[in-house]
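This report concerns only the one structure given below.
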Amino acid sequence: MIRTSRITLLFLVLCSLNCQGSPPTSNALESMTKEAADDELVSITSDARPPLTNVSISPVLQPKESIPPQFTYSLKNPQGKVCVRVSLGVEYLVRENKKKYYFNINPSLTRVTGYCGISESLLSLDFDGGNLQFVFKKEGSVSYVNSIKGHLKPAPPCKNCKSKLYVGVVAHEKLFKANNGLSFKCQSETTLILADFFRVKLVPLQIQAFDLDKGAFGKEVECSADYNRRMIPIILGSVAAAVCLIAILTFLLVRERRGQGYEQL
């Protein structure tokens with residue numbers, strides 16, 4: 001009888017331990033598994049995170065205009081030959097709430113992508129938060145830029161403002177036209193209206209696609225703005241000199257005729 005009671009008591013104790021101990025063990029395992037998974041996730045995220053820098057990912061609009069830095073960008077074909085070469089400074093202009101904001105492309109943060117073709121090439125200046133694309137066409141003995149497309153997604157200009165995407169394009173044009181083997185150059189400002197409240201300014205500009213000898217710019221074709229700026233002072237100076245000359249000749253002729261009107265008797 002005593003032995004039976006001991007066996008019964010032992011059985012009850014084992015059942016009690018089994019019934020009360022299993023759930024905590026299961027919860028502990030689940031907690032450990034979750035903690036391990038969290039640690040692994042944090043580790044992966046930490047390893048995949050890029051190094052911290054002082055450079056903002058999103059373009060920051062500025063309330064005041066400044067001269068954009070000039071740089072020369074080149075695009076090469078798979079054989080390593082330069083098919084497009086541009087030298088310029090790029091400034092975006094946006095208008096929001098009757099205010100103007102500016103953003104200059106930083107050459108050190110800009111990548112060159114695109115493709116080289118026989119009659120069409122594309123060069124894209126890519127940066128975090130936007131890009132600027134040039135599509136070049138070649139027709140017979142001339143080449144030109146057929147379209148320019150801009151894309152800009154800046155950081156909000158104010159604390160309570162929402163971020164906005166600006167996209168625009170100038171298409172089906174014959175911009176910066178030059179004969180094959182020649183480059184188009186313009187020291188004057190070139191401003192293009194891409195869309196309402198969205199413009200791009202290129203200054204100064206030298207550009208050439210196709211037929212680049214050893215990857216260098218060919219002989220320069222002067223833009224009309226530079227030609228006018230160079231020739232207008234010359235023309236005005238010539239006109240002023242001509243007016244002065246006419247005035248002097250007129251004075252001499254008048255004086256001579258007056259002298260002939262008085263004869264000694």
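Quantities reported herein were computed from a predicted structural model and do not represent experimental measurements.
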Practice item. For a side chain to side chain contact (heavy atoms under 4.5 Å, CB included) with Leu88, tell me which candidate from Thr72, Thr190, Leu125, Ile105 qualifies. Key: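 The side chain to side chain contact (heavy atoms under 4.5 Å, CB included) with Leu88 is passed solely by Leu125 among Thr72, Thr190, Leu125, Ile105.
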Point to revise | side chain to side chain contact (heavy atoms under 4.5 Å, CB included) partner of Phe103, the single match among Val94, Val200, Leu61 | key: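 In the set Val94, Val200, Leu61, the residue that makes a side chain to side chain contact (heavy atoms under 4.5 Å, CB included) with Phe103 is Leu61.
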Would a single hydrophobic cluster contain both [Y] and [X], if residues Ile, Leu, Val, Met, Phe, Trp and Tyr are joined by side-chain heavy-atom contacts under 4.5 Å?
| X | Y | result |
| --- | --- | --- |
| Leu132 | Val112 | yes |
| Leu205 | Val90 | yes |
| Phe210 | Val82 | no |
| Phe136 | Leu212 | no |
| Leu202 | Val169 | no |

Point to revise | Phe176 ring center near Phe134 ring center (under 6.0 Å) | key: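 That pair fails the under 6.0 Å test.
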Check your understanding: Can you find a pair of side-chain heavy atoms, one from Val170 and one from Leu194, that are under 4.5 Å apart?
Key -> yes
Check your understanding: Below 4.5 Å, heavy atoms only, C-beta onward: do Pro204 and Gln70 meet side chain to side chain?
Key ->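 Contact flag for Pro204/Gln70 side chains = yes.
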Would you say that more than 12 heavy atoms from the other residues, nucleotides or ligands in this model lie under 6.0 Å from the [atom1] of [X], or not?
| X | atom1 | result |
| --- | --- | --- |
| Leu253 | CG | yes |
| Leu249 | CG | yes |
| Lys76 | NZ | no |

About how many Å separate [atom2] of [Y] and [atom1] of [X], when rounded to the nearest 0.5 Å?
| X | Y | atom1 | atom2 | result |
| --- | --- | --- | --- | --- |
| Leu175 | Cys223 | CG | SG | 12.5 Å |
| Lys153 | Ser163 | NZ | OG | 5.0 Å |
| Arg85 | Ser74 | CZ | OG | 4.0 Å |
| Phe184 | Lys177 | CZ | NZ | 11.0 Å |
| Thr191 | Glu91 | OG1 | CD | 8.5 Å |
| Lys201 | Glu65 | NZ | CD | 3.5 Å |

Point to revise | Side chains of Asn179 and Ser141, donor plus acceptor under 3.5 Å | key: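 Note: Asn179 and Ser141 side chains miss the donor-acceptor criterion.
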Review point. Taking atom types as modelled, is there a side-chain donor on Tyr115 or Glu120 under 3.5 Å from an acceptor on the other?
Key: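 Note: Tyr115 and Glu120 side chains meet the donor-acceptor criterion.
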Do you know which two heavy atoms are closest between [X] and [Y], and how far apart they sit?
| X | Y | result |
| --- | --- | --- |
| Ser143 | Ala209 | OG-O, 3.9 Å |
| Gly168 | Ala195 | CA-CB, 4.0 Å |
| Gln133 | Leu122 | OE1-CD1, 4.2 Å |
| Ile118 | Lys138 | O-CD, 3.8 Å |
| Val84 | Leu123 | CG1-CD1, 3.6 Å |
| Ser121 | Cys116 | OG-CA, 3.6 Å |

So, the side chain of [X] versus the backbone of [Y]: is there a donor-acceptor pair under 3.5 Å, distance only?
| X | Y | answer |
| --- | --- | --- |
| Gln208 | Gly218 | yes |
| Asn131 | Ser124 | no |
| Asn180 | Gly140 | yes |

Practice item. Test side chain to side chain donor-acceptor pair (under 3.5 Å) on Glu173 and Tyr144 and set out the steps. Key: CA-CA 9 Å; Glu173 299 288 344; Tyr144 54 87; over 6 Å; no
Check your understanding: Quick one: side-chain hydrogen bond (donor to acceptor under 3.5 Å, both in side chains) pairs with a partner in residues 103-114, sequence neighbours left out?
Key -> Ser66-Asn104, Asn106-Ser108, Thr113-Asp126
Review point. Where does the angle between the aromatic ring planes of Phe198 and Tyr166 fall among parallel (under 30°), tilted (30 to 60°) and perpendicular (over 60°)?
Key: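 Phe198 vs Tyr166 ring planes: tilted.
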Exercise for review: Using the side chain to side chain contact (heavy atoms under 4.5 Å, CB included) rule, take Phe197 and Asn97 through it: C-alpha gap first, then chi angles, then the decisive distance, then the call.
Suggested key: CA-CA 10 Å; Phe197 312 115; Asn97 298 326; over 6 Å; no
